[in-house]
> 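Could you have a look at this structure, given as structure tokens, before my questions?
First the proteins, then the strands, lettered A, B, ... as listed; each starts at 1.
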There are 2 protein chains.
Amino acid sequence: MQVNNLETLFKKTLATSKLTAKQQAVLQVSLNLFSEQGFDGTSTSEIAKAAGVSEGTVFKQFKTKAGILEALLNPVLDDVLPMAAGEFLTEMNQSDLPNFQQLLQYMIADRMKFVLENQKQIRVFAQEIIRNPKIIQTLQVRAAAMIKGEAGDFLQQYKDSGQLVDWPSGRIIQYLLGTIISYVAPQVLLVPTKDFDIQQASTEAAEFLARGLAPQN
Amino acid sequence: MQVNNLETLFKKTLATSKLTAKQQAVLQVSLNLFSEQGFDGTSTSEIAKAAGVSEGTVFKQFKTKAGILEALLNPVLDDVLPMAAGEFLTEMNQSDLPNFQQLLQYMIADRMKFVLENQKQIRVFAQEIIRNPKIIQTLQVRAAAMIKGEAGDFLQQYKDSGQLVDWPSGRIIQYLLGTIISYVAPQVLLVPTKDFDIQQASTEAAEFLARGLAPQN
DNA sequence: ATTAATTAAGTAAGTAGTCGCTCACTAAGA
DNA sequence: TCTTAGTGAGCGACTACTTACTTAATTAAT
């Protein structure tokens with residue numbers, strides 16, 4: 001498990017960007033305002049005021065308002081799909097195929113953590129996927145490729161070893177995503193509760209999914 | 001099962017509203033544009049042009065742009081939570097407690113149908129719950145009351161009769177919602193596919209949920 | 001000295017809404 | 001039956017900003 005801090009994605013973006021302090025302020029403030037008010041509901045004038053810069057500065061680096069949005073969303077798009085399955089194994093320090101429920105719990109915790117640490121980006125992302133279907137189409141194509149490739153092979157090992165029901169891999173991934181979303185959505189949509197326990201939530205979710213995805217009797 | 005037609009919610013709203021033809025056009029066009037471009041991304045000028053009315057007409061009945069949004073959303077808010085559990089029984093023509101998986105399948109199909117028939121409103125609704133947390137708070141309060149009341153009692157009957165795992169009812173409802181969302185989200189977010197088979201999808205979902213929610217061994 | 005970052009005034013278009021007016025319809029009164 | 005007053009729908013010009021962006025000048029960094 002990576003040692004992540006709150007909003008690690010955004011901080012990573014800033015750390016690698018070589019942006020001036022003012023440009024970083026523009027990005028930070030834009031993230032806050034977009035996640036609260038929406039992209040169209042936020043004006044460049046507002047961004048400038050909140051960042052303590054002139055309105056011209058808002059456009060210097062990012063050229064357009066949409067350029068700011070792109071700078072905020074691209075890291076999310078890169079990371080929102082889970083990392084390759086093999087990397088989970090490496091992080092779990094397992095050379096062998098782990099117990100399926102354990103793997104589930106690990107993966108679920110990882111994705112929950114990702115969402116909870118990057119809530120503002122996820123909010124902006126969620127608004128944008130509704131307004132701009134191309135984004136979700138791109139992700140769908142990526143997800144399909146993963147399912148046909150390494151992730152599908154990975155799941156197949158579990159099916160072959162009698163730990164996983166022999167349903168299409170896409171269907172299995174779908175339920176995984178649906179269950180994770182059912183836990184994280186309240187945190188993203190409402191004032192997040194400080195007492196969300198990733199360990200407990202992911203254990204519960206893994207328990208449910210392991211039962212639902214157990215091989216046929 | 002009610003005999004519903006496509007976008008029955010919107011049509012029902014129109015049929016009961018006594019709006020003039022022009023006002024109905026304003027509503028229809030607003031629904032289309034809001035669902036595609038977002039509320040803030042749609043101007044009243046655009047609405048007027050698309051509806052073939054003057055801009056003053058847009059404001060005549062609904063007073064403000066937000067008034068149009070409210071007129072579109074209120075029917076969704078009234079109907080988006082499932083009807084009381086007892087009404088499912090009446091519609092299934094069962095006086096006895098039905099088999100749990102059958103009930104699941106019925107309820108899932110009902111909710112899927114609701115979403116698919118009202119896709120534009122659901123899109124508008126989805127955008128709005130991100131921008132305006134009060135909406136989802138209100139629904140959460142309603143859902144909690146249902147879980148404490150009739151729906152919770154209803155699930156308890158299944159727990160008592162050994163058909164349902166003894167988990168908190170909120171947790172069970174959560175998984176139900178998450179699984180339904182995993183099926184309908186692609187339809188709402190992307191160009192809907194004409195070949196979405198509610199019967200098959202709801203049967204699959206009920207199968208998975210019945211397994212995941214079966215009593216402990 | 002040169003380059004990059006920033007400013008603040010300005011631009012052209014856009015925005016939600018206002019308001020006086022016209023028209024159509026209906027009901028009441030002569 | 002005809003006339004008048006009242007009411008509601010709709011129009012389109014107008015109002016008072018607001019918006020994303022531009023640009024020449026200034027400041028800061030190298």
> Could you check how far NZ of Lys65(A) sits from P of dT22(D), rounded to whole Å?
15 Å

> For the residue pair Tyr175(B) and Phe208(A), categorise the inter-ring angle as parallel (less than 30°), tilted (30 to 60°) or perpendicular (more than 60°).
parallel

> I need the NZ-C1' distance between Lys49(A) and dA8(C), as an integer number of Å.
13 Å

> Going by atom types only, do Glu204(B) and Gln200(B) share a side-chain donor-acceptor pair under 3.5 Å?
yes

> Counting only side-chain heavy atoms from C-beta out, which of dC11(D), dT6(C), dA16(C) sits nearest to Thr20(A)?
dT6(C)

> Given dA8(C), dG10(D), dC11(D), which nucleotide is nearest the side-chain atoms of Ser54(A)?
dA8(C)

> Looking for any heavy atom pair under 4.0 Å, which part of the strands does Ser43(B) touch: base, sugar-phosphate only, or nothing?
sugar-phosphate

> By nearest atom, which of the nucleotides dT22(D), dT18(C), dC11(D) is closest to the Phe59(B) side chain?
dT18(C)

> Under a 4.5 Å cut-off applied to non-hydrogen side-chain atoms, are Leu155(B) and Ile173(B) in contact?
yes

> When you get a sec, tell me which of dT18(C), dG10(D), dT22(D) is the closest nucleotide to the side chain of Thr57(B)?
dG10(D)

> What is the distance, rounded to the nearest whole Å, between atom CD1 of Ile47(B) and atom C1' of dG14(C)?
14 Å

> To the nearest Å, give me how far apart NZ (Lys63(B)) and P (dG8(D)) are.
11 Å

> Could you state the atom-to-atom distance from NZ of Lys22(A) to P of dA8(C) in whole Å?
9 Å

> Could you check which of dC11(D), dC21(D), dT6(C) has an atom nearest any side-chain atom of Glu55(A)?
dC21(D)

> NA contact type, Lys60(B), heavy-atom cut-off 4.0 Å: base, sugar-phosphate, or nothing?
base

> Going by distance alone, is a donor N or O of one side chain under 3.5 Å from an acceptor N or O of the other, for Thr57(B) and Ser54(B)?
yes

> Expressed in angstrom and rounded to an integer, what is the separation of Leu69(A) atom CG from dC21(D) atom P?
12 Å

> dA4(C) P sits how many Å from Lys18(A) NZ, rounded?
15 Å

> Within the 4.0 Å heavy-atom criterion, would you say Val58(B) contacts the bases, only the backbone, or no part of the nucleic acid?
nothing

> Side chains of Glu46(B) and Gln37(B): any donor to acceptor distance under 3.5 Å?
yes

> How long is the line joining CD of Gln23(A) and P of dA5(C), in whole Å?
8 Å

